[in-house]
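Working notes for the structure below.
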Amino acid sequence: MLNPRERIERQMADPWLVRLHRKLSALKSAVTVMHTGAHPDDEQNGLLAYFRMELGMRTIIACSTRGEGGQNALGPERLGALGVIRSRELEEAARVIDADVSWLGHGPADIIHDFGFSKDGDQTFGRWGQQRIVERLVRAYRKERPDIVIPTFLDVPGQHGHHRAMTRAAKTAITLAADPAAYPEHFSEGLKPWKVAKYYLPAWSGGGDTYDDEVPPPETTLIVNAPGKEEATGAQYDRIGEWSRYYHASQGMGHWPKRAQEVWPLHLELSNVAGGGESSILDRLPSSLTDLSDFPGLDAESAKALVEAEREIIDAIAAFPDTQRITASLLSAATLLQKVDEAAAQDFKALHGHRIARKRAQVDAAILTALDLFERAYAQPAEIVPGGTSALYVELADKAGEFQVEVTPVLPAGVSSSVQSLGQTRVFSLVADQDATVSGLYQPDWKASGGNGHASVRLSARVEGRDVSANFDLEEPFFVTPAQSLTIAPDALLVPLGQGQDAHVFQAHIRGADAPLSFRSAGGWNLRKSGSDWIAERTGDATTGLAQIEATVGSQPAFQITPIAYPHIGRTRFLAPSALKILSLDLKLPEGARVGYVGGGADRVGSWLSRMGLDVTELDAQALGGDLSSFTTIVVGIFAFGIRKDLAAATERLHRFVEEGGHLVTLYHRPTDGWNPETTPVRRLEIGKPSLRWRVTDPNAEVTVLLPDHPLLVGPNTISAADWTGWDKERGLYFASRWDDVYEPLLAMHDVDEQPLKGALVSAAIGKGRHTHTSLVLHHQMDKLVPGAFRLMANLVQPA
């Protein structure tokens with residue numbers, strides 16, 4: 001349950017009058033626009049804010065991945081856990097601009113997922129399957145029925161391959177969505193062919209620090225002008241777009257441009273409507289109810305009702321904020337729309353019935369918002385285990401007592417409810433069946449109109465003889481969760497060979513279960529309990545490599561539930577099978593190394609260095625301002641110069657640390673992460689941009705050693721070709737592009753058909769010490785237990 005401060009923040013971010021204005025502005029248009037992209041944060045939020053709030057269009061963000069292959073500027077979550085965070089971020093970003101979200105990919109276990117960076121659309125299709133992503137877009141078109149489709153980026157060289165693939169697939173899917181012979185399995189689900197009316201491409205470059213489109217954008221055929229401000233907030237539409245982008249915090253989004261953008265050029269690539277040039281994106285589309293009244297063959301009574309309903313809606317919008325007038329006008333509009341829904345001919349309903357149904361739901365939602373009957377709903381606790389119980393609380397406003405109000409919980413399969421208390425606070429007892437299915441991590445969609453998550457509520461009220469209904473979200477997500485959660489600490493054991501240690505201690509803590517814990521047998525290892533600890537003992541047949549030992553509680557597989565909580569997305573969780581991982585490797589540590597680690601919270605390198613057996617101290621702001629001479633090596637984690645503001649003040653001290661004999665190791669940083677090439681490194685070192693050109697995305701790319709005898713490559717571990725095998729996702733990114741002559745490049749590597757890059761690992765002897773900068777994704781390889789990453793890291797942290 002939210003605490004009082006969190007509840008205040010929610011209300012501050014969503015004032016009732018603004019919410020009412022948004023419900024009214026949604027009634028302006030019957031047109032839907034879909035914005036297709038590959039990752040959360042790809043969307044043009046300012047443009048969508050204008051479409052939705054000024055033009056009244058329904059806006060949908062169709063996203064192919066959960067962003068699980070990206071980076072995290074907030075914390076250590078990666079892969080599936082990061083996908084949960086970025087999914088929630090896009091949903092909260094969509095809430096700000098009142099957009100829907102249609103998810104085309106469903107997390108890292110789905111073949112359509114974010115596998116990191118690709119430089120070509122064909123490479124992306126090779127991983128996803130072109131037909132598979134096209135089919136999902138066809139399904140989305142048929143389900144959501146967009147009139148307009150606009151991809152987020154162009155399919156041009158110099159763009160992210162995921163972006164290129166999505167743009168190409170979005171166009172291909174338009175013809176197939178209208179073809180009754182394509183994907184007939186959709187029709188058994190109640191879907192029907194759908195013809196998208198207009199397909200636009202951005203007529204701007206997707207370049208910048210990350211990309212550099214090699215060809216110019218297509219010619220502009222339509223300019224979307226978005227001057228002025230939204231009436232409810234007094235904010236420009238692009239400013240509202242930045243309010244939305246603020247929620248993509250794990251990607252460092254949320255900027256304040258000096259001038260809000262007011263012009264978006266578009267290129268009409270494909271049109272299925274007759275006519276010539278355009279003055280508005282809504283030209284020749286059924287934008288209003290009055291436009292719908294001109295449908296050939298529509299009976300006179302229905303046509304008249306549509307025109308009158310439009311008039312009532314216009315009156316309601318003009319009446320803002322007079323809730324009495326708004327309610328009266330919208331009740332009349334609801335009656336008229338019901339008449340159309342019941343009387344119109346089937347050919348009209350086949351083409352436009354979804355518009356009438358949506359408008360009726362929007363009118364109902366606006367009426368209930370104007371009446372302000374609903375306060376909040378929450379479950380306590382916000383999770384339920386199979387066979388367990390919880391309670392759902394729905395708080396209504398005092399005014400609800402004037403109406404006949406019915407509250408219906410919408411619950412996951414296997415969870416039932418019974419009314420415990422009526423009145424202004426409705427209380428429902430919740431009970432989960434013993435075999436209730438655990439809630440999935442990734443929901444298929446998110447609706448601006450509410451009813452999201454695994455549980456929600458539907459509120460109906462009798463208002464002047466009409467039943468008016470709308471969906472409302474719970475203030476925190478509700479889950480059916482496993483009955484037990486097993487936490488293993490550490491989650492992986494590093495076992496250097498030849499050190500004579502055959503027994504290794506770890507802890508295993510179970511929450512919420514009385515059944516015994518056991519580990520499946522694994523070759524080379526015997527696990528036994530010793531007091532409160534567990535002992536992993538090597539046996540005679542243990543070999544080098546990774547052993548993964550699954551845990552069971554009773555007869556059931558064990559799961560680890562990891563809570564995730566950030567202020568901008570609230571509380572959620574990540575769920576994964578529990579297993580102990582043991583990596584046996586040939587690893588030697590540098591003698592006499594005393595390591596200080598400066599982390600930004602975006603990686604776990606400090607923890608891994610400790611687990612390797614090194615003497616490691618985490619350096620906070622106070623420690624950075626103290627005596628650094630006790631350390632032989634200081635490692636600065638990824639993004640840290642952008643996250644740790646105290647680092648800027650400590651830069652000169654770090655430079656002096658090197659000059660006096662210390663070894664400074666900086667892990668990769670983006671150009672935007674507080675990295676000034678003149679002042680951040682000890683000598684000038686520039687990070688390449690656009691970053692597309694300064695990365696190696698193939699994890700198996702050949703690595704050429706330029707200085708085989710360099711101290712960082714020969715000791716204490718001799719780095720060989722074997723250390724570059726088994727890498728995951730990519731070799732590195734944000735490579736250095738230029739550097740002072742004092743730095744020596746140690747490695748060269750490149751993607752297919754590209755020139756070698758030498759900025760992955762550079763090092764310089766400076767004064768009595770050394771500065772080493774690496775853009776290799778060592779933090780990720782360590783998380784994936786790649787042996788070569790630990791061996792190379794041990795070398796990098798050796799004393800100067």
Side-chain angles (χ1 to χ4, degrees), residues 76 78-80 108-109 115-116 486 488-508 518-528 533-552 557-558 560 576-590 603-605 607-614 698-703 705 713-732 749 776-797:
R78 292 287 181 276
L79 301 176
F115 55 85
L486 172 63
I488 299 174
D491 58 348
L493 298 176
L494 296 181
V495 181
L497 299 177
Q499 294 189 2
Q501 185 180 358
D502 292 327
H504 301 267
V505 179
F506 67 96
Q507 286 77 45
S518 61
F519 289 88
R520 299 184 188 276
S521 60
W525 292 95
N526 177 49
L527 274 61
R528 61 181 176 84
D533 294 331
W534 282 79
I535 309 295
E537 294 178 314
R538 291 179 62 88
T539 61
D541 56 347
T543 59
T544 301
L546 178 63
Q548 185 159 308
I549 306 172
E550 296 178 356
T552 58
Q560 178 172 350
S578 288
L580 175 67
K581 299 175 182 178
I582 305 176
L583 177 63
S584 302
L585 73 166
D586 179 11
L587 175 67
K588 299 178 179 64
L589 302 179
D603 62 53
R604 301 198 299 165
V605 171
S607 171
W608 285 121
L609 292 172
S610 295
R611 286 194 240 178
M612 288 164 61
L614 289 159
D698 182 358
N700 300 310
E702 182 180 355
V703 177
V705 177
L713 299 178
V714 297
N717 303 283
T718 301
I719 302 301
S720 68
D723 292 299
W724 303 108
T725 62
W727 280 50
D728 182 73
K729 200 168 71 165
E730 63 233 329
R731 287 289 190 206
M749 60 192 73
L776 299 168
V777 288
L778 292 175
H779 73 289
H780 177 76
Q781 307 310 321
M782 295 168 87
D783 285 345
K784 300 296 287 186
L785 299 176
V786 176
F790 294 99
R791 288 166 47 82
L792 181 57
M793 185 63 81
N795 286 16
L796 296 186
V797 299

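Predicted model only: the values in this text are computed from it and were never measured.
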What verdict does the side-chain contact (heavy atoms from CB on, under 4.5 Å) test give for Arg78 and His779, after you've listed the backbone C-alpha separation in whole Å, the side-chain angles of each residue and the deciding distance to 0.1 Å?
CA-CA 11 Å; Arg78 292 287 181 276; His779 73 289; 3.4 Å; yes
Taking all non-hydrogen atoms of both residues, which atom of [X] and which atom of [Y] are closest, and how far apart?
X: Ala536; Y: Ile582; result: CB-CD1, 4.2 Å
X: Lys588; Y: Ala794; result: O-CB, 3.6 Å
X: Met793; Y: Leu778; result: CE-CD1, 3.8 Å
X: Ile549; Y: Arg520; result: CG2-O, 3.0 Å
X: Ala789; Y: Met782; result: CB-CG, 4.0 Å
X: Leu497; Y: Ser584; result: CD2-CB, 4.1 Å

Is any side-chain heavy atom of [X] less than 4.5 Å from a side-chain heavy atom of [Y]?
X: Trp608; Y: Asp603; answer: no
X: Val705; Y: Ile719; answer: no
X: Ile535; Y: Val505; answer: yes
X: Leu785; Y: Leu494; answer: yes
X: Gln507; Y: Ile488; answer: no
X: Pro590; Y: Leu614; answer: yes
X: Asn795; Y: Pro716; answer: yes
X: Val777; Y: Lys729; answer: no

Pair Trp525 and Phe519, ring centroids less than 6.0 Å apart:
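Centroid distance Trp525-Phe519: not below 6.0 Å, so no.
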Criterion side-chain contact (heavy atoms from CB on, under 4.5 Å) on Gln781 and Asp728, from CA distance to verdict:
CA-CA 6 Å; Gln781 307 310 321; Asp728 182 73; 3.9 Å; yes
Greater than 12 external heavy atoms within 6.0 Å of Glu537's CD:
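More than 12 heavy atoms, drawn from other residues, nucleotides or ligands, come within 6.0 Å of this atom.
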Nearest 0.5 angstrom please: [X] [atom1] to [Y] [atom2], how far?
X: Glu550; Y: Ser518; atom1: CD; atom2: OG; result: 11.0 Å
X: Phe790; Y: Leu609; atom1: CZ; atom2: CG; result: 9.5 Å
X: Trp727; Y: Lys784; atom1: CH2; atom2: NZ; result: 14.0 Å

Please check: side-chain N/O of Arg731 versus main-chain N/O of Trp724, any donor-acceptor pairing under 3.5 Å?
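Such a contact is found between Arg731 side chain and Trp724 backbone.
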Test side-chain contact (heavy atoms from CB on, under 4.5 Å) on Gln560 and Asp491 and set out the steps.
CA-CA 11 Å; Gln560 178 172 350; Asp491 58 348; 5.6 Å; no
Out of the candidates Leu776, Asp723, Asn717, only one should pair with Leu792 under the side chain to side chain contact (heavy atoms under 4.5 Å, CB included) rule; please name it.
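That would be Leu776; it is the only one of Leu776, Asp723, Asn717 passing the side chain to side chain contact (heavy atoms under 4.5 Å, CB included) with Leu792.
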Pair Leu580, Leu493 - check side-chain contact (heavy atoms from CB on, under 4.5 Å), show working.
CA-CA 8 Å; Leu580 175 67; Leu493 298 176; 4.2 Å; yes
